[in-house]
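For reference, the structure is listed below as structure tokens.
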Amino acid sequence: MSSSEEKGHIGIATPPEKDLPPGFNDNAETTRDTEDFRTRNGLNLRSFQRRDDEKGIGSTSELDRTMRSRHLHMIAIGGSIGAGFFVGSGGALATGGPASLLIDFAIIGIMMFNTVYALGELAVMFPVSGGFYTYSTRFIDPSWGFAMGWNYVMQWAVVLPLELTVCGVTVQYWNKDISVGVWITVFLLFIVIINIFGTLGYAEEEFWSSVLKLGATIVFLIIAFVLVLGGGPEGSRYDSYVGARLWYDPGAFANGFKGFCSVFVTAAFSFSGTELVGLAAAEARNPVKSLPGAIKQVFWRITLFYILGLFFVGLLIPYDDPRLLNSGSGYADANTSPFVLVGKYANLTGFDSFMNVIILVSVVSIGVSAVYGGSRTLTALGQQGYAPKIFSYVDRSGRPLFSVLFILMWSPIAYVNLNTKGPVVFDWLLALSGLATLFTWGSICLAHIRFRKAWALQGHTLDEIPFRAIGGVYGSYLGLGLCILVLIAQLYVAISPVGSDLNTAEGFFKSYLALPVVIAFWIGGFIWKRAGWLNVSQIDVDSGRRELPWDEINEYRTRLAAMPAWKRIVHTVFI
């Protein structure tokens, strides 16, 4: 047996007495199954009591491990498709034109593809509780890890009121007489109820909403294809061949290079949450088996939802349509989604309402994801001494109780929509959350690069890595480089926005607030932890490694090597 296989069979190379780094456990089993049904599902007062864990506070076994492979797969495919894609794409189309929309989303898609694969490699190797920001702490810089953890928490904290606002606006498509505040309250209560059921509630809600979004998107693509070919009802806009005429009149690009750069923030916001599949892996029953397959589903998500969906949108809706978001009507216009407009312009009775229902489900889904992602990360921060200890509290049903309450406390910001300044708040939240996620993605790529360097430096081989990023370290370099380029492009637009030579101070910070926020967290982390950049020789790649079933892994590799080249590619990329 080779030395790599021997190390692989050992699984955890660290002696039991050695303390594991923060956020990395020793594969302890969950204690949730020892509770009765009502306590497990948060349906009695006992469920709110602190969970006793023999490993003590800080073990990942405190959180649930109830997610199945089907949950992870659907979270990867459609878990975070929401307002940015279905609604925000209208504003992006109006600002940049159909070509900018397609190219920018494709660039972010390439970045995201490499980032998620890098995350998958790290997550299979190292089980992480509540936040992949711990990879930044372990492989880059503890102070930067602190910044990334709090940045991620605040990102989701501001996304929650944003999505609740869009929920209310979406329902007004059918009835404008009822106040948006009523619907904000209704959907907030729904999100609270889902969170009563903890991890399982989130997983089931995401599974069924993702199934619905995926099905609806496929239906939209089929209908859009027919409409582009001129198969629309008689008398509609699409009763004759459409083709690419809108790419010539009014044109493929709007507002030149500035328009192109300005679309990036919407694209980044639309993709935010894709990394949640890595966060959810810590609460999966068997992430070693289920996570690689889930990571590979990201390809279909990027292709089906973003590339094909927005390609058809650009063929069917002109960028100068006055109903589009940010084209002069304001974000509160119920007709701002290009997906809804396609149904209206095609005279397809009920299709516009159908797409609006899908948008509503998507937006509520992101609201649930915001509470999940923010609370799990905050819990890990509390367990590792990067946040007040109260946030490390996990109750008997596996819910990080005070962390969930902290994220929910931000939801009342949504009621600002009742004021005439609501669109201004929408712009602030969108810009902040959209850019914040770029720092998270870049950190994942950099952590993967430095892990690979430390891995090689300490004499390990690639054969010891059970699931490898498809682009390897070069894919992470590409992902990191694209993150930096997008941040530079957005900085250019923040300084000199569309329609103006020089931005105001308010306009600049409205577009680029995420950078000073991250820097402030970074400085705060350094003051708190007094720890700086890690040398590659300081990085520990052995402690806390997951125990792996190397017999199964080697058997699969043998079968894969015996397959024809085309079949090997299919299995490597898609299955």
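Reckoned from all heavy atoms, side chains included, excluding hydrogens, waters and symmetry mates.
The distance between the ring centers of F257 and F253 does not fall below 6.0 angstrom. You'll find the ring centres of F339 and F85 inside the 6.0 Å limit. Ring centers of Y152 and F439: at least 6.0 Å apart, outside the cut-off. A ring-centre distance under 6.0 Å is found for Y372 and Y202.
Smallest separation of non-hydrogen atoms from P318 and R237: CD-NH1, 4.0 Å. Closest heavy-atom contact between A494 and N503: O-ND2, 2.8 Å.
Using a 4.5 Å cut-off on side-chain heavy atoms (C-beta onward), V493 and S511 make no contact.
Defined by atom type and a distance below 3.5 Å, a donor-acceptor pair is present between the side-chain atoms of Y345 and D321. Using a 3.5 Å distance cut-off with no hydrogens or angles, the side chains of S353 and Y173 do not pair a donor with an acceptor. In this model, a donor atom of one side chain and an acceptor atom of the other lie less than 3.5 Å apart for S403 and T379. For the 3.5 Å distance criterion, the side chains of S365 and E206 qualify, holding a donor opposite an acceptor.
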Checking ring pair (Phe, Tyr, Trp, His ring centres under 6.0 Å) for the pair Y306/F271: CA distance, chi angles, key distance, verdict? CA-CA 9 Å; Y306 295 105; F271 276 93; 3.9 Å; yes
